[in-house]
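Worksheet for the structure shown next.
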Amino acid sequence: MANFAIMGFGTVGSGVAEVLRMNADSIAAKLGEPLKLKYILDVRDLSATPYAGVAVKDFSVLENDPDLDVVVESIGGAKVALDFTRRALMAGKHVVTSNKELVASHGKELLSIAREKNVNYLFEASVGGGIPVLRPLFQCLAGNQIEEIVGILNGTTNYILTRMVKGGIPFDEALKEAQAKGYAEQNPAADVEGLDAGRKICILSDLAWGKEVLPEKISVQGISGLDLKDVAIASEAGYRVKLLGRALRLADGRQAAYVAPHLVSGDCPIAPVDDVFNAIMIRGNAVGDVMFYGRGAGDLPTASAVMGDVIDALQHRTRRRELGWSESADLAGLEELVMPWYLRGDFAAPVDCRVLSGGAVMTKPMTAGEAKALAEKLGAMVILPVLQ
Ligand code: HSE
């Protein structure tokens, strides 16, 4: 019998309990022993729920139970979750999490405690919800030099953009729908302003290149300033507006990472990805482009990834999964990256730009610094990067 606990019984935590209820037999067959949910730690009163018998309020019960193998941290945030994760790892428990804020900001430290204590700290659910993407990145693609990662990393904003464009509903209503479906963060500004996608692109960078990229070090722009007029002009020109996280390695060995709304060419496989779905393209120097697609948020999809990690942690009890990243990456600024740009305003189109409708143009590839200078010279009101 293997025992695990869930800390934080919100959307993800309750999803994990439900996945165990649905699939207990097949999980036990894969593990070679039954998996028991021994504790749920939450400040809420669970006495009227089917989980009353396993509900606890004191973390030290988990910490001091020598028979507890794995702790699922689905509390969120980087305060209590950080303290309990440190203590659980120090107590020799494997820890599995969906908490991207914690992994992006404190992953280096937590992975180093896990190494010291010979336990696993796994976080597949922290990027892409139910999509297997981190394990393929650090395992299946380990034979490659990773060149670039780009993708839709936030289900809430993709849902909002899709509902606004295809459903014709206003931003606030679309956000309320995303919240009701359990996609949005407790503070939806983290979704809308791009912070959540920023944390995820940092985790992908950390794993791809083995050097820490902290969320506060990268440029992040969300969708709150988007004008539907630009979405319509983009559609007419064969592009879709998507919030993308992007990370790449430059020829001089430096890295870059950022989040911004982009015009995405209709020919790119990311363009038709709608609703809560995420899509992440990874380019390796041997494999070329691979794309990972699926539900990027929600209780059961996220719990699917968490449960996969619980099983993996138990299967790697003696020889832990070797994961981690080291010193800070040497980062190039967004200003240095070369791509085409969408500009809109009341100006005469420069000769070497593609003319779109509504006073918009698309430039030839140039650095963000050059594009900003051009936008200023023309008096453009809107400037967005383009992914071909
Ligand atoms: N709020 C996040 C999203 C949840 O919408 O993608 C999954 O990380």
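Read the numbers this way: they start at 1 and go in the same order the structure lists the ligands and their atoms. On a predicted model such as this, the values are computed, not experimentally measured, just so you know.
Using a cut-off of 4.0 Å between Lys/Arg side-chain N and Asp/Glu carboxylate O, R254 and E336 are scored as salt-bridged. Electrostatic pairing of D69 and K93 does not count as a salt bridge here, judged by no charged N lying under 4.0 Å from a carboxylate O.
With a 4.5 Å cut-off on side-chain heavy atoms, R86 and L110 count as touching.
Atom CG in D352 sits 6.5 Å away from atom CE in M366 (nearest 0.5 Å).
Protein residues having a heavy atom under 4.0 Å from any atom of ligand 1 are K100, N154, G155, T156, Y183, A184, E185, D191, D196, K200, G296, A297, listed by chain and number.
Not one N or O on the side chain of K38 forms a donor-acceptor pair closer than 3.5 Å with the backbone of L62.
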Please evaluate residues N285 and E147 with respect to the criterion side-chain hydrogen bond (donor to acceptor under 3.5 Å, both in side chains), reporting the C-alpha separation (whole Å), side-chain torsions for both, the decisive distance (0.1 Å), and the verdict. CA-CA 7 Å; N285 67 346; E147 293 173 346; 5.0 Å; no
